[in-house]
Amino acid sequence: MSNKEFTISQGTKVDAQDFRNTVLKYACEILQRDINRVTTEKDADNTIYLTVDPQAPVDGDDFQITLASPDKVTVSAKTSLGVMYGALAISRDVLKIDDFWYWMDTVPTIQKTIQMTNFDMHIPDYQTEYRGWFVNDELLIRGWKDHDSQRYIWQRVFETALRVGCNVIVPGTDVQSQINRNPAKEFGLMIAQHHAEPLGAKMFAREYPELEASFLKYPDLFRKLWRDAINEQKGTPTIYSLGFRGQGDKPFWEDDTSRTWDDKAIADVVNGVIKEQYDMIKELDPGAPMALNVYGELAGLYKKGLVDVPDDLIEIWADSGYGKMVSRRQGLDNPRSPLLDIPNPHHRKRGLYYHVAFHDLQASNFLGLLSNSPEFVSSELMKARSKGLDTLELVNTGNIKPHVLYLREVAKTWVKGYTARSNDEILDDYVNNYYFEHQKEIVSLYEDYWKSVVQYGTHSDETAGDELSPFLIRRIIKTWLGGKDKLPDAGWIVGDDSLADGVKKIDGMITPKLPGWEELVLNLKKLMLNLNQQDAKTLYGDLYLSTLYQADGLKALHLVIQAYELSMAAKKDDDYLKPFLLADEAYHTMDEINFAQSHHKSTKWYDFYKNDGYDDMPLTAIKLRFLRHYLRTLGDTADEDDWERRFIKAPGEARVMTLWTTARELSDDDLAKKLRERLIDKL
């Protein structure tokens with residue numbers, strides 16, 4: 001062995017300067033695990049030694065890897081985080097462990113031993129100072145266990161964030177974020193905070209459920225929550241989020257009816273609260289960075305010149321929720337104010353809160369891929385960089401697994417020298433990394449996904465994610481069966497239209513897209529039959545399910561609209577036969593999604609989707625089953641035997657009335673199957 005080689009084998013031990021330092025402890029555990037995974041034989045006993053060294057010849061969180069002797073490699077850095085990055089660099093670049101191995105189930109290349117010859121590894125030259133994930137709307141993660149453990153899952157969240165270069169994390173929402181912030185710090189990550197949870201404080205309404213959440217009425221109770229939060233976190237790496245929205249992710253004045261709220265009154269409260277929070281941090285945790293989320297209603301106040309806050313805050317500006325750098329829609333208000341050209345007279349540092357996953361706007365993506373392409377995201381992020389919005393970037397990761405394609409690319413954008421990439425470049429890179437064969441076909445199928453999305457608004461980026469269909473199906477059924485004339489929460493897509501005109505408008509948007517989605521599903525199914533087992537599993541979880549949410553969801557929505565329109569035109573009982581069958585088809589179409597999730601090709605993920613309370617495909621299927629029975633009730637007799645007697649039974653048996661019936665009525669499922677068989681040429 002030359003003096004420039006180090007043999008990694010089952011005999012290699014990863015050791016640390018101080019295992020009381022949890023960051024070093026976890027770095028050791030991760031690197032040792034990966035060595036044990038990829039090597040099969042023991043060579044000479046040797047050591048990879050991890051150490052924090054104030055004299056290390058590197059800056060910031062960079063690291064130095066040194067062949068100290070033939071049997072010892074040293075990873076040193078001035079910070080614990082730098083040592084973690086060094087250990088992960090060996091895992092990635094020497095052992096070839098993929099950054100998203102946990103979420104993509106990548107299988108590493110196994111070797112007897114591995115020769116390490118490159119010791120000149122360093123962190124990338126980052127343009128973005130604070131690089132973070134915001135693990136938000138984490139319902140799937142929250143309802144799932146791996147290794148019979150929630151702790152194990154969150155450790156993999158932190159590991160993956162570090163692998164892609166994060167140094168900041170918002171580790172969940174509300175109670176979850178408070179549970180996870182210390183474990184995240186133990187991995188070396190700095191903590192940032194949800195814009196609805198200033199200072200990381202507990203929610204007022206959760207602590208004082210009997211009191212009105214009014215700062216004007218109970219300022220001392222709010223101040224106590226803020227002070228307690230700072231005292232809990234002070235001295236640890238934290239970016240404090242300043243601001244005041246209210247309880248949950250909504251404006252405070254919706255819960256405070258003590259006065260009439262105009263813009264000036266709102267701004268006075270917000271400015272005063274921010275100044276109090278700022279002074280409190282300066283007193284209790286001096287030197288800690290602070291950020292102001294210019295989000296939602298605060299953006300409007302800012303543009304009117306009503307926001308008056310200290311100048312050493314980092315302003316965080318948010319995209320539309322769909323990746324476009326314009327203001328997000330608030331109910332029916334959709335001004336789409338450009339965010340990149342807002343003057344910065346105070347010369348504050350600026351950053352981004354950017355969504356690759358979203359739940360809020362009734363047409364967003366929660367379970368599946370963003371409805372705007374990776375090329376679009378790459379371009380928008382580079383526009384933001386050109387305007388100086390790159391001090392801090394928090395990326396809404398959702399539940400991570402459905403969004404790896406975007407998270408991987410966003411991490412690349414943090415590095416100096418990155419330039420916007422095309423879909424071809426991004427997809428070629430991604431597919432060649434995660435698939436072993438049929439790469440060109442797979443790239444083409446990904447491209448077909450974004451060609452197929454429904455555009456619900458007048459702007460090209462106003463495209464529909466997987467939430468659109470279940471959201472609208474449930475509201476159509478509620479409005480229809482409730483005898484109402486307007487779809488609730490749907491003015492953003494149907495305006496002031498009646499139910500009849502609204503569903504016609506919706507159907508006009510989605511119907512032209514149905515053939516493309518159906519073809520994409522079929523092409524994915526055919527390709528998976530020809531892929532090796534590993535690639536088939538990857539494609540199933542990475543693209544097939546996302547496609548199915550869209551294809552089957554939109555088909556079910558279309559069928560419900562057809563059933564509604566035919567039902568409204570019904571003149572006699574038998575006119576409800578076809579609406580009944582359409583509702584039956586819609587129910588089974590939606591239920592195919594539930595079946596596909598619970599029969600994932602990888603048993604690791606088959607129960608990952610059970611806690612979906614946003615798209616809520618199971619609830620949508622229940623609603624469709626209820627609609628089906630409602631239509632049978634309208635068209636069949638009170639005893640639900642007439643359609644069976646007239647359309648299914650043999651004529652002679654149907655006419656014999658000695659015994660009224662010889663068996664109970666058919667279930668809706670069985671009746672629909674038999675009616676479809678008998679009446680296939682008549683309806």
Side-chain angles (χ1 to χ4, degrees), residues 89 92-93 96-101 103-104 106 123-128 131 133 160-161 163-166 319-320 322-325 340 352 354-357 365 368-387 389-390 393 395-398 400-453 460-461 463 465 516 520 523-524 527 531 534-535 538-539 541-544 546-547:
R92 178 192 310 109
D93 297 336
K96 306 303 180 184
I97 302 294
D98 186 77
D99 288 338
F100 289 93
W101 69 268
W103 309 95
M104 298 297 290
T106 58
I123 64 169
D125 188 8
Y126 284 114
Q127 174 78 24
T128 308
R131 309 167 299 277
W133 278 5
T160 312
R163 282 181 171 275
V164 301
C166 289
D319 69 289
S320 64
Y322 295 83
K324 183 69 175 176
M325 291 309 301
L340 298 180
L352 285 178
Y354 196 83
H355 295 81
V356 301
N365 68 302
L369 291 168
L370 185 67
S371 53
N372 289 317
S373 72
E375 175 181 270
F376 168 84
V377 167
S378 175
S379 174
E380 287 295 299
L381 288 173
M382 288 305 96
K383 290 175 186 175
R385 171 172 293 178
S386 72
K387 299 296 183 178
L389 277 73
D390 57 4
E393 188 171 330
V395 184
N396 191 327
T397 66
I400 302 172
K401 180 168 176 55
H403 315 296
V404 171
L405 169 61
Y406 290 91
L407 292 172
R408 187 172 183 268
E409 191 65 21
V410 169
K412 295 178 187 297
T413 70
W414 294 334
V415 179
K416 286 181 181 177
Y418 177 92
T419 56
R421 301 209 295 174
S422 67
N423 276 340
D424 284 344
E425 291 173 301
I426 295 169
L427 291 171
D428 283 347
D429 177 10
Y430 181 81
V431 170
N432 287 328
N433 188 72
Y434 288 112
Y435 296 88
F436 295 98
E437 56 189 32
H438 295 276
Q439 288 97 335
K440 287 185 178 179
E441 293 174 66
I442 294 171
V443 167
S444 179
L445 293 174
Y446 277 94
E447 290 173 338
D448 287 345
Y449 182 93
W450 292 289
K451 292 176 185 175
S452 302
V453 294
S460 60
D461 58 279
T463 53
L520 181 54
N523 288 338
L524 283 163
L527 182 58
L531 291 175
Q534 179 63 26
D535 280 357
T538 302
L539 191 62
D542 203 41
L543 181 59
Y544 175 71
S546 284
T547 301

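Worth saying up front: this structure is predicted, and the values here are computed from it rather than measured.
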Could you walk me through whether Leu543 and Thr538 satisfy the side chain to side chain contact (heavy atoms under 4.5 Å, CB included) test, starting with their C-alpha distance in whole Å, then the side-chain angles of each, then the deciding distance to 0.1 Å, before giving a yes or no?
CA-CA 8 Å; Leu543 181 59; Thr538 302; over 6 Å; no
Looking at [atom1] of [X] and [atom2] of [Y], how far apart are the two atoms once the value is rounded to the nearest 0.5 Å?
{"X": "Phe436", "Y": "Gln534", "atom1": "CZ", "atom2": "CD", "result": "6.0 Å"}
{"X": "Asp448", "Y": "Leu520", "atom1": "CG", "atom2": "CG", "result": "6.0 Å"}
{"X": "Ser386", "Y": "Leu381", "atom1": "OG", "atom2": "CG", "result": "11.0 Å"}
{"X": "Arg163", "Y": "Phe100", "atom1": "CZ", "atom2": "CZ", "result": "10.5 Å"}
{"X": "Glu380", "Y": "Asp319", "atom1": "CD", "atom2": "CG", "result": "8.5 Å"}
{"X": "Lys387", "Y": "Met382", "atom1": "NZ", "atom2": "CE", "result": "14.0 Å"}

Residue pair [X] / [Y], side-chain heavy-atom distance below 4.5 Å:
{"X": "Tyr449", "Y": "Ser371", "result": "no"}
{"X": "His403", "Y": "Asn365", "result": "yes"}
{"X": "Leu539", "Y": "Leu524", "result": "yes"}
{"X": "Val395", "Y": "Leu407", "result": "yes"}
{"X": "His438", "Y": "Leu527", "result": "yes"}
{"X": "Asp428", "Y": "Lys440", "result": "no"}
{"X": "Asn523", "Y": "Glu441", "result": "no"}
{"X": "Val443", "Y": "Asn423", "result": "no"}

Under the criterion side chain to side chain contact (heavy atoms under 4.5 Å, CB included), I'd like the reasoning laid out for Phe376 against Lys324: C-alpha separation, chi angles, the key distance, then a yes or no.
CA-CA 8 Å; Phe376 168 84; Lys324 183 69 175 176; 3.9 Å; yes
Could you tell me whether the side chain of [X] and the main chain of [Y] form a donor-acceptor pair under 3.5 Å?
{"X": "Thr106", "Y": "Asp98", "result": "no"}
{"X": "Trp450", "Y": "Leu370", "result": "yes"}
{"X": "Thr413", "Y": "Val410", "result": "yes"}
{"X": "Arg92", "Y": "Asp99", "result": "no"}
{"X": "Ser422", "Y": "Glu425", "result": "yes"}

Side chains of [Y] and [X]: any donor to acceptor distance under 3.5 Å?
{"X": "Tyr434", "Y": "Asp535", "value": "no"}
{"X": "Trp103", "Y": "Thr160", "value": "yes"}
{"X": "Tyr446", "Y": "Asp542", "value": "yes"}
{"X": "Thr463", "Y": "Asn372", "value": "yes"}
{"X": "Tyr418", "Y": "Glu409", "value": "yes"}

Shortest non-hydrogen contact between [X] and [Y], atoms and distance:
{"X": "Trp133", "Y": "Cys166", "answer": "CD1-SG, 3.5 Å"}
{"X": "Ser546", "Y": "Gly368", "answer": "OG-CA, 3.2 Å"}
{"X": "Ala420", "Y": "Ser378", "answer": "CA-OG, 3.3 Å"}
{"X": "Tyr126", "Y": "Gly165", "answer": "OH-CA, 3.2 Å"}
{"X": "Thr397", "Y": "Ala357", "answer": "C-CB, 3.9 Å"}

For Arg408, the option from Val164, Asn433, Ile426 that meets side-chain contact (heavy atoms from CB on, under 4.5 Å):
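Output: one option passes, namely Asn433.
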Suppose we screen for side chain to side chain contact (heavy atoms under 4.5 Å, CB included). Which residues come up paired with Thr128, at least two apart in sequence or across chains?
Arg131, Arg385, Asp390, Glu393, Trp414
Non-neighbouring partners of Lys416 that pass side chain to side chain contact (heavy atoms under 4.5 Å, CB included), sequence neighbours left out
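Residues passing side chain to side chain contact (heavy atoms under 4.5 Å, CB included) with Lys416: Asp125, Gln127.
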Could you please spell out the steps behind the side chain to side chain contact (heavy atoms under 4.5 Å, CB included) verdict for Lys412 and Arg421?
CA-CA 11 Å; Lys412 295 178 187 297; Arg421 301 209 295 174; 3.8 Å; yes
Tyr354 and Met325: CA distance, side-chain angles, deciding distance, side chain to side chain contact (heavy atoms under 4.5 Å, CB included) verdict
CA-CA 9 Å; Tyr354 196 83; Met325 291 309 301; 4.1 Å; yes
